[in-house]
Structures are given as structure tokens and as C-alpha cells.
Amino acid sequence: MMDTRFLETFVAVVEHGSLAEAARRLGVTPAAVAQRMRALEAEIGAPLILRAGRQVRPSDAGRAILARSRRLLVDVRRLAAAARAGPPVGEMRLGVISTALTGLVPGALRDLSDTIPGIDVFVLPGTSPDLYDALSAGRIDAALLVRPPFAIPKTLEWHLARSEPMVLLCAAERASTDAMTLLRTRPFIRYDRSNWGGRIIDAWMKARRLAPRDWLELDQLEAIAVMVDRDLGVSIVPDWAPPWPEGLRVARLPLPGAAPPRRIGLLWPRSGTSGRAAMLFLEALRRSGAAGGPADHAATR
């Protein structure tokens with residue numbers, strides 16, 4: 001019978017575009033990855049990947065079996081988890097947005113490791129839209145992301161972990177100036193509108209008919225904060241969980257009116273067995289103290 005490790009290797013090679021990176025992710029040698037791929041191709045009876053230097057891509061046969069391979073691996077993990085008694089053990093594949101990866105996840109993983117050492121968490125960083133797609137495709141078991149800007153399907157479970165108010169970010173020396181005046185007079189650095197958090201800000205600005213002088217549009221909040229520290233402009237960002245980049249002298253000013261917050265939560269499928277591990281991670285997240293919301297939205301860093 002086919003070894004599911006071979007399918008796991010095939011999926012990893014395609015997703016990372018490299019035998020070496022797949023080997024690193026799987027914790028095996030590149031030679032072992034190459035051997036598994038040869039064995040799988042011999043069993044399938046067709047080449048599954050095409051090599052171009054150090055990069056690889058799926059062949060026509062590889063693309064034909066990729067989606068089914070992913071579903072089969074998800075089913076195998078769920079079968080193994082369902083057969084275990086007691087607390088959930090094994091691997092949980094967790095997708096995480098970048099600011100939560102540094103501000104929320106480390107404390108929760110430490111707590112989870114101390115209380116439920118049988119859980120092995122594999123963390124996949126990414127943007128909220130990408131992580132949602134990965135969850136829908138079964139490539140991850142749960143995702144810590146911004147709440148989707150659409151109705152969450154009933155097949156998915158959502159739990160809020162942290163609510164972050166939107167703030168006007170400016171250089172510290174401009175903190176005495178009104179937020180709306182800064183928006184009208186200073187260059188504006190946008191939080192990328194392809195991110196769900198950026199869309200929240202864009203919708204709020206359009207509702208207020210604000211048309212600032214756009215200068216940059218960046219998808220990394222840390223990079224925006226550094227630009228603002230250099231007084232290259234102002235921005236509207238979620239007041240994300242620390243740590244922030246060190247040495248910044250920026251001010252976070254409250255926005256007038258009811259600006260909607262960025263809501264970060266844990267999302268996972270209702271079906272299957274990943275829910276038990278996801279709930280334990282959510283509890284660890286709340287115990288770690290990083291969940292909730294910032295206490296001071298106008299402090300200067």
C-alpha cells in the first residue's frame with residue numbers, strides 16, 4: 001500500500017517549490033525527499049514534478065492528484081486523532097498572521113507546551129486571505145487571522161481572541177496635532193488594502209469621505225511604523241499586540257467617531273477532530289495574557 005509519507009512529501013515539495021525546503025520542513029534529508037518522490041512516481045506511473053535548477057513545479061500528472069492528495073492527508077490526520085483517547089496529541093497545523101506570530105502566539109505556545117506536551121504545533125505564517133484559503137483547502141487545521149469581511153460559513157467555527165482599535169500613527173513630535181488635521185496635511189502611508197485589516201481602514205475612510213495624500217501602501221505594519229518614526233508620513237493602523245520595533249518614537253492617536261476595530265480570532269472546521277486542539281490553543285492564548293485589547297491607545301512609544 002502507498003505510504004502516506006510519500007504523499008506528504010509530494011505536497012510539501014509542490015508547496016515550497018524546492019526539494020531542499022521541503023526536506024527542512026519535514027525534518028528529513030534532501031536525499032530522503034528525492035527517494036520518496038522516486039518511489040511515489042514509480043507507484044503512480046508518471047512523473048509528478050518537473051525540475052528547473054533548484055526549483056520544481058508540478059507536472060500535469062502532479063497537478064491532477066494534488067488536491068486529492070491534500071484531502072487524503074487531512075483525512076489521515078483526522079483518523080489518527082479520532083483513534084486517540086484522552087487529550088489531543090500529535091500535530092496541529094496552525095496558520096498565523098505576522099503581527100499575531102510575534103505578539104500573541106509565543107506565550108500561548110509556551111503555555112500549551114507546559115500543559116499539553118503531546119501537541120506538536122506546526123506554524124504557517126501568512127496573510128489572512130491566504131490562510132483562509134489554506135484552511136478551506138485543508139492544508140492547515142486552524143488559523144489565527146483577521147475576521148473575514150464576509151459571512152463565515154456554518155462549516156467553520158470562529159472565536160474572537162483580540163480586538164484592536166484603529167489608531168492614527170504619527171511621529172512623536174506631532175502628537176499634539178489633531179488626528180484629522182494630520183490626515184489632511186501629511187503624506188499618508190496606507191495599510192495594504194489586499195489585507196483584511198487594510199480594508200477595514202479603507203472602508204472607514206471612504207464612509208467619512210477622507211482623501212489623504214497617498215504616498216506608500218505597505219503590507220507590513222512594522223515597516224509602516226518605521227516609516228512613521230522617520231516622519232515620512234502618517235498612517236492608520238490597528239493597535240497590534242507588542243512587541244513593536246525597538247527604539248520607535250511614534251504616537252498613537254485615537255480616531256474620531258466609531259472606527260471599527262481589527263478583530264483577530266481563531267478559525268477552524270466544525271467537522272473533524274481539530275476542534276479539540278484548537279480550543280486548547282485558544283484557551284492557552286487567553287491565559288497567556290496577550291489576548292484581549294490594548295489598554296492605552298494614545299501612548300507614545
Side-chain angles (χ1 to χ4, degrees), residues 77 81 84 86-128 130-132 134-135 139-148 152 156-167 169 191 195-197 200 220-222 224-225 237-248 250 252 260-270 272-301:
R77 289 200 300 273
R84 300 185 185 104
V89 293
E91 183 180 76
M92 179 175 72
R93 298 184 177 222
L94 176 67
V96 182
I97 59 172
S98 60
T99 51
L101 186 61
T102 56
L104 300 180
V105 170
L109 290 180
R110 177 72 270 171
D111 182 285
L112 197 64
S113 176
D114 291 341
T115 55
I116 314 288
I119 296 181
D120 181 19
V121 180
F122 173 83
V123 177
L124 173 70
T127 64
S128 292
D130 289 344
L131 295 177
Y132 184 87
L135 185 68
R139 298 196 296 274
I140 56 177
D141 301 311
L144 188 63
L145 41 58
V146 177
R147 185 184 177 96
I152 297 174
L156 299 176
E157 184 88 11
W158 163 266
H159 285 263
L160 180 68
R162 178 181 171 87
S163 183
E164 299 173 337
M166 297 296 181
V167 294
L169 201 66
Y191 182 25
N195 286 318
W196 290 343
I200 295 172
Q220 290 293 324
L221 292 174
E222 294 88 347
I224 292 175
V237 298
D239 197 358
W240 75 89
W244 284 37
E246 292 186 5
L248 296 183
V250 297
R252 296 171 290 173
R262 182 176 80 158
R263 294 182 173 90
I264 297 175
L266 197 63
L267 192 68
W268 69 86
R270 292 181 183 273
T273 58
S274 61
R276 289 196 301 159
M279 280 301 298
L280 284 173
F281 176 78
L282 183 64
E283 291 168 7
L285 192 66
R286 290 168 175 166
R287 285 195 302 268
S288 70
D296 180 7
H297 310 322
T300 300
R301 295 181 184 268

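Positions are given from 1, in the same order as the sequence printed here.
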(message) So does Trp196 get a backbone contact from the side chain of Ser128, meaning a donor-acceptor N/O pair under 3.5 Å?
(response) no
(message) Suppose we screen for side chain to side chain contact (heavy atoms under 4.5 Å, CB included). Which residues come up paired with Ala143, at least two apart in sequence or across chains?
(response) Leu131, Ile140, Leu145
(message) Could you measure the distance from the CE atom of Met279 to the NE2 atom of His159? Nearest 0.5 Å is fine.
(response) 5.0 Å
(message) Within the 4.5 Å heavy-atom criterion, are Leu124 and Val96 side-chain neighbours or not?
(response) no
(request) Please identify each residue that fulfils side chain to side chain contact (heavy atoms under 4.5 Å, CB included) with Arg263, with sequence neighbours left out. (result) Arg147, Leu160, Ser163, Pro261
(message) Could you check whether any side-chain heavy atom of Leu112 comes within less than 4.5 Å of a side-chain heavy atom of Leu280, counting everything from C-beta outward?
(response) yes
(message) Between Ile97 and Trp240, is there a side-chain heavy-atom distance shorter than 4.5 Å?
(response) no
(request) First locate atom CZ of Phe281, then atom CZ of Arg286, and finally report the distance between them rounded to the nearest 0.5 Å. (result) 11.5 Å
(message) Which residues pass the side chain to side chain donor-acceptor pair (under 3.5 Å) test with Thr99, not counting sequence neighbours?
(response) Arg262
(message) Just to verify, what does Ala278 make a side chain to side chain contact (heavy atoms under 4.5 Å, CB included) with, not counting sequence neighbours?
(response) Ala142, Leu266, Trp268
(request) Start with the C-alpha distance between Ile264 and Glu164, add both sets of side-chain angles, then the distance that settles side chain to side chain contact (heavy atoms under 4.5 Å, CB included), and finish with yes or no. (result) CA-CA 8 Å; Ile264 297 175; Glu164 299 173 337; 3.7 Å; yes
(request) To the nearest 0.5 Å, tell me how far Arg162 CZ sits from Leu144 CG. (result) 11.0 Å
(message) Against Met92, only a single residue in Asp141, Asp120, Val123 fulfils side chain to side chain contact (heavy atoms under 4.5 Å, CB included); can you say which?
(response) Asp141
(request) Apply side chain to side chain contact (heavy atoms under 4.5 Å, CB included) to Pro260 and list each qualifying residue two or more places apart in sequence or on a separate chain. (result) Ile200, Trp204
(message) Give me each pair satisfying salt bridge (Lys or Arg N to Asp or Glu O under 4.0 Å) with a member in residues 101-111, each pair once, sequence neighbours excluded.
(response) Arg110-Asp114, Asp111-Arg287
